4 protein chains.
Amino acid sequence: MIKAAIFGASGYTGQELTRILSGHPHVKLVAVTSRRFTGQAVSEVFPALQGLTSLKYQNATPTEISNVCDIVFLALPHGVSMGIAPEFIKAGKIVVDLSADYRLRDIKIYEAWYGKHSSFKFVKDAVYGIPELYRAKIKKTKLVANPGCYPTGIILGLAPVLKKKLLDVSTIIADSASSVSGAGREPLVGSLFCEVDGGFKAYKVGKHRHLPEIEQELNTLAGKKFAITFTPHLLPVKRGILSTIYAKLKKDVSLGELHFLYSSFYADEKFVRICPQDVYPNISSVCGSNYCDIGLVVDLRTKRVIIMAAIDNLVKGAAGQAVQNMNIICGFEENTGLHTAPLYP
Amino acid sequence: MIKAAIFGASGYTGQELTRILSGHPHVKLVAVTSRRFTGQAVSEVFPALQGLTSLKYQNATPTEISNVCDIVFLALPHGVSMGIAPEFIKAGKIVVDLSADYRLRDIKIYEAWYGKHSSFKFVKDAVYGIPELYRAKIKKTKLVANPGCYPTGIILGLAPVLKKKLLDVSTIIADSASSVSGAGREPLVGSLFCEVDGGFKAYKVGKHRHLPEIEQELNTLAGKKFAITFTPHLLPVKRGILSTIYAKLKKDVSLGELHFLYSSFYADEKFVRICPQDVYPNISSVCGSNYCDIGLVVDLRTKRVIIMAAIDNLVKGAAGQAVQNMNIICGFEENTGLHTAPLYP
Amino acid sequence: MIKAAIFGASGYTGQELTRILSGHPHVKLVAVTSRRFTGQAVSEVFPALQGLTSLKYQNATPTEISNVCDIVFLALPHGVSMGIAPEFIKAGKIVVDLSADYRLRDIKIYEAWYGKHSSFKFVKDAVYGIPELYRAKIKKTKLVANPGCYPTGIILGLAPVLKKKLLDVSTIIADSASSVSGAGREPLVGSLFCEVDGGFKAYKVGKHRHLPEIEQELNTLAGKKFAITFTPHLLPVKRGILSTIYAKLKKDVSLGELHFLYSSFYADEKFVRICPQDVYPNISSVCGSNYCDIGLVVDLRTKRVIIMAAIDNLVKGAAGQAVQNMNIICGFEENTGLHTAPLYP
Amino acid sequence: MIKAAIFGASGYTGQELTRILSGHPHVKLVAVTSRRFTGQAVSEVFPALQGLTSLKYQNATPTEISNVCDIVFLALPHGVSMGIAPEFIKAGKIVVDLSADYRLRDIKIYEAWYGKHSSFKFVKDAVYGIPELYRAKIKKTKLVANPGCYPTGIILGLAPVLKKKLLDVSTIIADSASSVSGAGREPLVGSLFCEVDGGFKAYKVGKHRHLPEIEQELNTLAGKKFAITFTPHLLPVKRGILSTIYAKLKKDVSLGELHFLYSSFYADEKFVRICPQDVYPNISSVCGSNYCDIGLVVDLRTKRVIIMAAIDNLVKGAAGQAVQNMNIICGFEENTGLHTAPLYP
């Protein structure tokens, strides 16, 4: 039984971590923090969790939390994690950081997109937490930079073809659509029901902060530098991201070959499902689960491959992947506590 | 490990049973039937279940299924179950029937609302499957009449005050709102996205087939005969039923007393949660789970009690309760396989 | 061409007024105010209105606005209108106040539910603006207390049976469900997409501020004092309110008689539609329009009448009714500018 | 006053035409046909239209309808129109065909995608009905091939840059997302609320029947042959299509230049709105209206242009554009009957 804490637990990601960890057989959730809801029971803020946890939100210092836990999940905004994590790192605790603060390995890029970094020196110890690609490294680290939601689907979707060098990488376009929970639980006009329901629109086109993270990882996989076009859209749904990814093939590849490549690449993975040919992933088929569903099309007329990747942004795109990383580090079965089947319909 | 089968497994209730039983540690799901999808894999019809079950839908006879299972769940339309169940009953199998066919104990009432009954003689052996009220009987039966979705919430919501004889029973009104999954997966115009989304309306006012079932059970609890008004509405959501129930109090009862009554009545129940005072249940706080959340208000100005009960109609209102009943009969922990926390948001 | 202004125009009601008045053939919209969006174009805040108005939000005083308009619509919060209206009243302008500030005729009741009133003396000159009931008085007033959204549907739904004295008024229950736009455009956690979508719950049970307004008007119609039970619910839709109203009949009335009563009562009304027998109103069938659709059921088993009334809360429940009142006062055809057919699907 | 009829009026497009034409000041809607609903009042099938039309659906022959109307709208499935239109054409009536039957000018392409054509000879007289591009021709025709919903937005979005020859046309990708009403009112499992709500997925990738139509028109605009990649997705909304279109620029073009190009190109158009720089179109901002909103981005890092076009698929993508075409042919103001402002929220 390891003791876990969540720092910044009252947002949607923190709530999802609370939900998953409350049902994890090898974890005892010992503390959850929230400045806004200090003193309130988790179940008061999230009645869905009544009976599942009796914890109250604390306004505790990193030191106080560090003293009581073996592992901490930081579900904090970018720029805040960097000030909280060092305390835990120094105390030898396992840190799974769900912010962007330890993801970018080039400080210039980090600071261009996010602003000043106060503890960049720890980035070199951080492992980018996509288990399907970096399991061996994750096993040995104590600091996981848990990936962003958009990057997770796009990277898993492109990894096999990039490693196999099948693409003209200058032609990659990722057209993504995210649920509203990706914007968090802050009360913003743009996240109101009446602003979102019945709507669909792009936002931050070519300017979203996940872009440098996506490019860093895709470049690493391909072994060369290139830029992509990334267009996020806002969907009127609560959970899920679908990325539809386009690229020119450098040579003829049949759908059968592509399908075989992906099925082989992810053959041993519990959380990646390759859709049968002519089936395309639907975000509602992964809802609530840690799956990433991948669908494949070869457009012979234009020699493009079209890769579709669907995840639940709160699970595989955040809290679920964080727990998956924890399981690896702690030596648990990788899917412990992550058995929830997708909730359909 | 008991062997279970689902007869009529390709509707939403059958799918939900498949989902739950696939993750149940003491159950091996051995067969699922569907005439429409015979020969197709479950995961072809419901991609959400890819990797969770490799079963294919069969078009098998009751005898064929009976030969391979210990327990059968009948997720069939009313009027069809009655022709399928006898085979299993005679073979000594456990039958959990999710249709209305064995719920009504008065054949005149059954036939007035549903039409001819071909195997009514088994009704006397059936137990109405609300574990919170009839656990002892369920433990000893081999035929469970699994309750309807609307009845489940309304009965659990009214049981404590009816047993305590606090209400003027002639004043009971149940105003309910159900998700669209309650209408099943039949392709009907009225269930189309464009007909439902953005809408809200009553239907079958005073004429819904769940009415006689509700009255039978409420009359049993109160120990006398009376009629109620029941108005179902259709909500633009996928899962959930909220019933708002009104009745005059026969004497002054404070909210505190009422709250104590309910908390005591359901003190040992894992799946009934009494909301704190001034908190009202929300269907999205039970979504995907087997909980029934109950909220209470005393309207002093009009001497009415207002009781609100929320369930997920596919879980506590159908498949979850069916599995709960199976657990009781089989001697498993009552919440085995039913641990899924509500999926919020 | 009359000159109109909207005070507090950047909420959903103000936006809806802007939309309707921009297309009104006899009105020139001359000014819109908003403190939050001062200096911004309306079409910047509401891109839907690009090309329909070139106005910018001003942070103007009542005097400044009064100087340029013939009629002002106050789309302000309760408690704010009372400080703004007097300036316009004294200047002899027509005032249509969409807040609650001039609706309640008993200052004790107003102050018990809303707090101090600074200009209560004007209430005696105000007319409660339901044209179908008070058209003659509206024609002669310069101060309209535009009704609340819940009250509009409930009052129109009950008026015929109350005037005809068919009900046991002690048994009236109004169970209502409202869209999220009823909560306004304030960024509140409770109005976020993720909090509302997929959910349904009651709120402020027996405590909603529209209760005294509903009771005042129902008592007036019935000619006696009585209390009702009123339960509002929050629907995951953008527009619309459905009220399902229950009451015991004092004597036997057939559905045919009831239908005839309602059809006669509203025979000359352009904006009230009585649904055919066995058809129940749906909020999506009035969406975007100024209609109130009313459906009727007689529950013979319990001697109750069930009346369902559907409106678009932003139109007949606010901005549309306000324009309807303006049309009456100004001598325009009552449906001028209000021709928009319901947008279905 | 011209006399109009709708053939196939009980689908969503037919209903939308009914709604618009019922409010058109120069049109008398004289007949609506439907085989499924023969004899039923329009308002029985669509209660939203109660009071707006008293027509009943007829099961009439083309000759019968032709005898009573000046113009007919064919809201029929592909393959059916071709058998109905000739009767009207021969009788000299104006025909606005909303199917694909007269859109494709190459019979080989038509038959490859849709099957046999029984009246292809009329295609040479048909004008592709995008008024913003072909107004002069439309004015002189009696047979309008009303464009598909996806093509309308994509063509309007690309016309200015294609005519100006700014793009490397081999790089064009249209990533589109459509509402469910685009699938019509047929009761299909895939259009059920529970299958769609909370979901998002691609369908018919590279295989959608609108592809040849889009390519025909884009090739015409560019003056050369090329293929594009087109990926439709299904959105959980009732109305609206957003197309996000990608292409490489052949030379450097600033956002300001691009914005100026579009604003000039569509300067006199009432129904095309170019969004201000850094504003992107939202389908909910055109809902219910005949607008096409276009947003522009230049991605300097990749030298791509990103064009976003939003329409209401039932209005500008079908019924509204059909009425716009009728207005042109009949010499009415082009926006007559099409004044409905977008319904937001």
Side-chain angles (χ1 to χ4, degrees), chain A residues 170-173 175 177-179 192-207 211 215 226-231 233-242 244 246 248 278-285 287 293 295-302 304 306 308 310 343-345, chain D residues 170-173 175 177-179 192-207 211 215 226-231 233-242 244 246 248 278-285 287 293 295-302 304 306 308 310 343-345:
Chain A
S170 74
T171 64
I172 298 175
I173 293 170
D175 185 288
S178 171
S179 74
L192 292 177
F193 184 87
C194 289
E195 303 293 314
V196 172
D197 191 55
F200 187 61
K201 61 164 190 174
Y203 67 100
K204 295 187 191 163
V205 182
K207 294 185 288 199
L211 184 50
E215 289 183 345
F226 57 89
I228 70 156
T229 289
F230 168 53
T231 310
H233 296 76
L234 184 66
L235 275 174
V237 304
K238 293 192 290 185
R239 286 169 176 258
I241 288 179
L242 182 79
T244 303
Y246 302 89
K248 288 265 186 190
D278 293 319
V279 174
Y280 311 141
N282 188 340
I283 53 170
S284 58
S285 289
C287 179
D293 281 4
L296 301 164
V297 169
V298 175
D299 186 3
L300 296 169
R301 301 163 64 259
T302 61
R304 282 196 187 93
I306 299 155
M308 292 152 284
L343 201 66
Y344 188 91
Chain D
S170 74
T171 64
I172 298 175
I173 293 171
D175 185 289
S178 171
S179 75
L192 292 177
F193 184 87
C194 289
E195 302 293 315
V196 173
D197 192 54
F200 188 61
K201 61 163 190 175
Y203 67 100
K204 295 186 191 164
V205 181
K207 293 185 288 196
L211 183 51
E215 289 184 345
F226 57 88
I228 69 156
T229 289
F230 168 53
T231 309
H233 296 76
L234 184 66
L235 274 174
V237 304
K238 293 194 290 185
R239 288 168 174 258
I241 288 179
L242 182 78
T244 304
Y246 303 89
K248 287 264 185 191
D278 293 319
V279 175
Y280 312 141
N282 188 340
I283 55 170
S284 59
S285 289
C287 178
D293 281 5
L296 302 162
V297 169
V298 175
D299 186 3
L300 297 169
R301 299 164 65 259
T302 61
R304 284 198 185 92
I306 299 157
M308 293 152 282
L343 201 66
Y344 188 92

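So that the names make sense, note that chain A is the first sequence line, chain B the second, and so on, each numbered from 1. Keep in mind that what you see is a predicted model, and the values were worked out from it rather than measured.
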Reported OG1-to-CG distance for the pair D:T229 and A:D299, which is rounded to 0.5 angstrom: 4.0 Å

Hey, which of D:A177, D:P236, D:C194 has the most heavy atom pairs under 4.5 Å with chain A? D:C194

Can you tell which of A:R239, A:E215, A:K207 has the highest number of heavy-atom pairs within less than 4.5 Å of chain D? A:E215

From the list D:G240, D:P345, D:A310, D:G199, the residue making the most non-hydrogen contacts under 4.5 Å with chain A is D:G199

Can you list the residues that meet the side chain to side chain donor-acceptor pair (under 3.5 Å) rule with A:S179, with sequence neighbours excluded? A:S181, A:N313

What part of D:A202 is in contact with chain A, defined as an atom under 4.5 angstrom from a non-hydrogen atom: side chain, backbone, both or neither? both

Might you work through the side chain to side chain contact (heavy atoms under 4.5 Å, CB included) test for D:T231 and A:R304, ending with a clear yes or no? CA-CA 12 Å; D:T231 309; A:R304 282 196 187 93; over 6 Å; no

With a 4.5 Å cut-off on heavy-atom pairs, point out which of A:V297, A:T171, A:L235, A:L300 contacts chain D the most. A:L235

Partner chain A: residue of D:H233, D:K248, D:M308, D:K238 with the largest heavy-atom pair count (under 4.5 Å): D:H233

With chain D, which of A:L234, A:V298, A:L192, A:L242 has the greatest number of heavy-atom pairs at distances under 4.5 Å? A:L242

Honestly, the part of D:L211 sitting under 4.5 Å from a heavy atom of chain A is side chain

Does the side chain to side chain contact (heavy atoms under 4.5 Å, CB included) test come out yes or no for D:I228 and A:T302, once each step is laid out? CA-CA 7 Å; D:I228 69 156; A:T302 61; 5.9 Å; no

Nearest-0.5 Å distance that lies between atom NZ in A:K201 and atom OG in D:S285: 8.5 Å

Taking the six-membered ring for Trp and the full ring for Phe, Tyr or His, determine whether the centres of D:F200 and A:Y280 are under 6.0 Å apart. no

Under 4.5 Å from any heavy atom of chain D, what part of A:V205 do you find: side chain, backbone, both or neither? both

Quick one: CD1 on D:I173 to CD1 on A:I306, what's the gap to the nearest 0.5 Å? 7.5 Å

Choice from A:G295, A:A227, A:G198 maximising heavy atom contacts with chain D below 4.5 Å: A:G198

